[in-house]
Novice: 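My questions will all concern the structure given below.
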Amino acid sequence: MPRHLLDLGPDDLSALFVAWGEPRYRASQVARWALKRGVTTFDAMTDLPAALRVRLNEEFTLAAPPLLTSTVTDDGATTKALLGLGNGDSVETVRMAYDSEDPEAFGRATVCVSTQVGCAMGCVFCATGQQGFTRNLTPAEILAQVLHFTREGRATNVVFMGMGEPLANTSATLAAVRWMIHADGLDLRARGITISTVGLRTGIHRLAAEGLQVGLTISLHAPDDDLRRRLIPTAGGTTIDELVAAAREYIEATGRRVTFAYALLDGVNDSEEQARLLASRIRGIQAHVNLIPYNPTAGTGLRRPSRDRVRAFHRVLQAEGINATVRVERGVEIAAACGQLRTDYVQRQSLTLV
Ligand code: SAH
Ligand code: SF4
């Protein structure tokens, strides 16, 4: 299998063409074909010298993963796609076009990308976590998810909230981010990109050191360490205080606000007392809490709290001076929570196999 050209970052691509004795502008020319126009063959790059196209064809590929299945809902505003990666592996990606009723979101089109096939973190409420870990995605496979949508339409924002833990695959995640924000690449604003992590501190440090203006979301889900370890069995020795310290470091390094994600699970982490405890843990830093009413997945036995309980939790945070929002439900009909489309697909496949 030849290497995928988009596994090379912007610097690597420039170095490659320098090594091949090509003019400086070649990297920019090729990147623009591959990322802005989304072509999937070198032969489509009609302004390249024929000999260079032959050489690229010999050493690299630009093939796009095939679309296995796709679902559209919310009157066409949400599209979920499952892309095939070979060896029976697949990965899901979602595009959410926000409606014009929210002035802040006007014109926005957000792609939610995956970074791994499965996930090793094992969060008890997460469909991906329950599937276990298969493998990391390459930079090209991460970019392919955004390209899938930009070929036909637009993408203004990217959130790393699909399958997998981006900071357990930091190098590929960063390589993909570099093309997303590069002028010859997708040319997105770094501020329009958000990386969501279960809270891997080394990855957060590394991201802070990159000096990118990328947004960071830390999945907290509990106001105390015991409960957090039960919900995220691999959270291990990392405490909430340490995560708050890592968030503070990120804010200082980037000037960006950090978001804490909190999946609300009925009767588990959604009491008013827990809201007060949460507020006391994160008070005093430039943080925002994103409350995500749980999207039930088969077999977990966990439930979504009632609207009243969600509202009560939200009110306590606000009364305690914590900036908080409740995530707008999108694509609920097609189960937009991470991992679910693939689960359904895999289950359908195995049913036909039996
Ligand atoms: N691994 C990263 C990013 C992918 S998960 C992380 O955990 O942050 C993206 C977000 O979806 C996380 O905040 C995760 O906790 C949340 N999530 C996963 N399954 C969910 C479900 N069934 N209902 C609601 N939120 C869920
Ligand atoms: Fe992995 Fe995130 Fe799911 Fe946890 S919530 S299992 S870290 S994808």
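Atoms within a ligand are numbered from 1 in the order they appear, just like the ligands themselves. Keep in mind that what you see is a predicted model, and the values were worked out from it rather than measured.
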Novice: For Arg154, I'd like to know if atom CZ has over 12 heavy atoms of other residues, nucleotides or ligands within 6.0 Å.
Specialist: yes
Novice: Taking 4.0 angstrom as the limit and counting only heavy atoms of Cys123, give me the atoms of ligand 2 inside it, by number and element.
Specialist: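 This gives 4 (Fe), 5 (S), 6 (S), 7 (S) as the contact atoms.
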Novice: Taking a cutoff of less than 4.0 Å between a non-hydrogen atom of the residue and any ligand atom, is Pro296 in contact with ligand 1?
Specialist: no
Novice: With heavy-atom distances below 4.0 Å as the criterion, list the atoms of ligand 2 near Gly129.
Specialist: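 That gives atoms 6 (S) of ligand 2.
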Novice: Within the structure provided, determine whether Leu48 and Arg26 are in side-chain contact (heavy-atom separation under 4.5 Å).
Specialist: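 When only atoms from C-beta onward are counted, Arg26 and Leu48 do touch, with a gap below 4.5 Å.
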Novice: Run down the list Ser219, Cys123, Pro293, Cys112 and name the one with the heavy atom closest to atom 12 (C) of ligand 1.
Specialist: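 Among Ser219, Cys123, Pro293, Cys112, the closest heavy atom to atom 12 (C) of ligand 1 belongs to Ser219.
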Novice: I want to check something: taking the side chain as every heavy atom from C-beta on, are Phe260 and Leu278 in contact at a cut-off of under 4.5 Å?
Specialist: no
Novice: Residue-level breakdown please: for Phe125 versus ligand 1, do any non-hydrogen atoms fall below 4.0 Å on the side chain, on the backbone, on both, or on neither?
Specialist: both
Novice: At a threshold of 2.8 Å, where the distance has to be below it, does atom 4 (Fe) of ligand 2 have an N, O or S atom of Cys119 nearby?
Specialist: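 Checking atom 4 (Fe) of ligand 2 against Cys119, no N, O or S atom falls under 2.8 Å.
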Novice: Is the contact between His221 and ligand 1 made by the side chain, the backbone, both, or neither, using heavy atoms and a 4.0 Å cut-off?
Specialist: side chain
Novice: Please confirm whether Met121 approaches ligand 1 to less than 4.0 Å, judged on its heavy atoms.
Specialist: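 No; Met121 lies far enough from ligand 1 that no heavy-atom distance drops under 4.0 Å.
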Novice: With atoms numbered from 1 as shown, which atoms in ligand 2 lie under 4.0 angstrom from a non-hydrogen atom of Val198?
Specialist: 7 (S)
Novice: With a 4.0 Å cut-off, would you call Asp308 and Arg311 a salt bridge?
Specialist: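 Between Arg311 and Asp308 there is a salt bridge, with a charged N closer than 4.0 Å to a carboxylate O.
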Novice: Give the atoms of ligand 1, by number and element, whose distance to some non-hydrogen atom of Thr197 is under 4.0 Å.
Specialist: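 Close to Thr197: 6 (C), 8 (O).
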Novice: Would you check if there is a donor-acceptor pair between the side chains of Arg257 and Gln286 at a distance under 3.5 Å?
Specialist: no
Novice: For the residue pair Arg315 and Gln318, confirm or rule out a side-chain donor-acceptor distance under 3.5 Å.
Specialist: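 No, because no side-chain N or O of Arg315 sits under 3.5 Å from a partner of the opposite role on Gln318.
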Novice: Report the C-alpha separation of Arg135 and Glu141 in whole Å, then their side-chain angles, then the decisive distance to 0.1 Å, and conclude whether the salt bridge (Lys or Arg N to Asp or Glu O under 4.0 Å) test is met.
Specialist: CA-CA 12 Å; Arg135 71 169 174 87; Glu141 288 168 337; 2.9 Å; yes
Novice: I would like to know whether Asp270 and Arg303 meet salt bridge (Lys or Arg N to Asp or Glu O under 4.0 Å); could you show each step before the answer?
Specialist: CA-CA 11 Å; Asp270 66 337; Arg303 292 177 312 269; over 6 Å; no
Novice: Compute the shortest N/O to N/O distance between Tyr294 and ligand 1 and return yes if it is under 3.5 Å, no if not.
Specialist: no
Novice: With a cut-off of 4.0 Å, which atoms of ligand 1 are near a heavy atom of Phe160?
Specialist: 3 (C)
Novice: For ligand 1, is any non-hydrogen atom under 4.0 Å from Ala261's backbone (N, CA, C, O), its side chain (CB onward), both, or neither?
Specialist: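 Side chain only.
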Novice: Should the pair Trp20 and Phe60 be assigned to parallel (<30°), tilted (30 to 60°) or perpendicular (>60°) ring geometry?
Specialist: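 Geometry flag for Phe60 against Trp20: tilted rings.
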Novice: Is there any N or O on Gly164 that sits under 3.5 Å from an N or O of ligand 1?
Specialist: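 Min N/O separation from ligand 1 is below 3.5 Å for Gly164.
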Novice: Please work out whether any backbone atom (N, CA, C, O) or any side-chain heavy atom from C-beta onward of Ile292 is under 4.0 Å from ligand 1, and answer side chain, backbone, both or neither.
Specialist: side chain
Novice: Please determine whether a side-chain nitrogen of the Lys or Arg among Arg178 and Glu210 lies less than 4.0 Å from a carboxylate oxygen of the Asp or Glu.
Specialist: yes
